[in-house]
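Starting from 1, each residue takes its place in the sequence as its number. As the structure lists them, so they are numbered: ligands from 1, and atoms in each ligand from 1.
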Amino acid sequence: MSTVHNTTEYQPVFVGKVMDELQTVLQRYPNKQAALLPALWIAQREHGWISDLIMAEVAEVLGLTPAYVKGVVTFYTMYHQHPVGKNFVQVCTTSPCNICGAEDVLKALLSHTGAGDAGATSPDGKWTIVEVECLGACGFATPILINDDFIESVTPERVAELVRKYR
Ligand code: FES
């Protein structure tokens, strides 16, 4: 994933191989509008987050209005509307995990990564840690997602090792 988030000199996302990938995706859908979610997912993977310029590009490529694309982006929490760290970490802090120590896992992550606060990005740009609702692994507290990697049974003691692995 690109970690360049500079929007002052906009580089289109859907060119070359990425455009080829989108064309392949489009073949699986009845029309371009139906492929909006995967198109946004590709854009986010390439750019790191979904800026207004990215929304405009996606709209143009799919023949939609930027307002329609923005409506979808702002509906789903999985699309980042601002730059995030190279490692985007989601920690379940819903009640069942919370009573098993999720808050301590969160605190350890914020401390070991230097992110400081939930939702903030570490000064080195490598980590953004957020709290999320149930990740569907209540029997394996505490589950976390580091980008696309689902990791169960995380304890504060395991956090240092995980941070070293993904740094
Ligand atoms: S409450 Fe944490 S995974 Fe369900």
Take atom 4 (Fe) of ligand 1 and tell me which protein N, O or S atoms are nearer than 2.8 Å.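 Listed by chain and number, the nearby protein N, O or S atoms are C134 SG, C138 SG.
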Quick one: does any side-chain atom of E152 pair with a main-chain N or O of G139 as donor and acceptor, under 3.5 Å? no
Could you tell me whether a side-chain N or O of N87 sits under 3.5 Å from a main-chain N or O of R167, the two making a donor and an acceptor?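 Looks like no, no N/O pair under 3.5 Å.
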Determine all donor-acceptor pairs shorter than 3.5 Å in which one atom belongs to a side chain in residues 56-74; sequence neighbours excluded.
{"unit_1": "E57", "atom_1": "OE1", "unit_2": "Y10", "atom_2": "OH", "d": "2.3"}
{"unit_1": "E57", "atom_1": "OE1", "unit_2": "V13", "atom_2": "N", "d": "2.9"}
{"unit_1": "E57", "atom_1": "OE2", "unit_2": "V13", "atom_2": "N", "d": "3.1"}
{"unit_1": "E57", "atom_1": "OE2", "unit_2": "F14", "atom_2": "N", "d": "2.8"}
{"unit_1": "T65", "atom_1": "OG1", "unit_2": "Y68", "atom_2": "N", "d": "3.0"}
{"unit_1": "Y68", "atom_1": "OH", "unit_2": "Q33", "atom_2": "NE2", "d": "2.7"}
{"unit_1": "K70", "atom_1": "NZ", "unit_2": "D52", "atom_2": "OD1", "d": "3.4"}
{"unit_1": "T74", "atom_1": "OG1", "unit_2": "K70", "atom_2": "O", "d": "2.8"}
{"unit_1": "T74", "atom_1": "OG1", "unit_2": "G71", "atom_2": "O", "d": "3.3"}

Could you tabulate the donor-acceptor pairs under 3.5 Å formed by side-chain atoms of residues 119-129, not counting sequence neighbours?
{"unit_1": "T121", "atom_1": "OG1", "unit_2": "T128", "atom_2": "OG1", "d": "2.7"}
{"unit_1": "S122", "atom_1": "OG", "unit_2": "D124", "atom_2": "OD1", "d": "2.5"}
{"unit_1": "S122", "atom_1": "OG", "unit_2": "K126", "atom_2": "N", "d": "3.3"}
{"unit_1": "S122", "atom_1": "OG", "unit_2": "W127", "atom_2": "N", "d": "3.0"}
{"unit_1": "D124", "atom_1": "OD1", "unit_2": "K126", "atom_2": "N", "d": "2.9"}
{"unit_1": "T128", "atom_1": "OG1", "unit_2": "G85", "atom_2": "N", "d": "2.6"}

Salt-bridge criterion met for K17 and E46 (N-O under 4.0 Å):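 No.
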Atom pairs and distances, side-chain donor-acceptor, residues 89-98, under 3.5 Å, sequence neighbours left out:
{"unit_1": "T93", "atom_1": "OG1", "unit_2": "E131", "atom_2": "OE1", "d": "2.7"}
{"unit_1": "T94", "atom_1": "OG1", "unit_2": "E133", "atom_2": "OE1", "d": "3.0"}
{"unit_1": "T94", "atom_1": "OG1", "unit_2": "C134", "atom_2": "N", "d": "2.9"}
{"unit_1": "N98", "atom_1": "ND2", "unit_2": "T93", "atom_2": "O", "d": "3.2"}

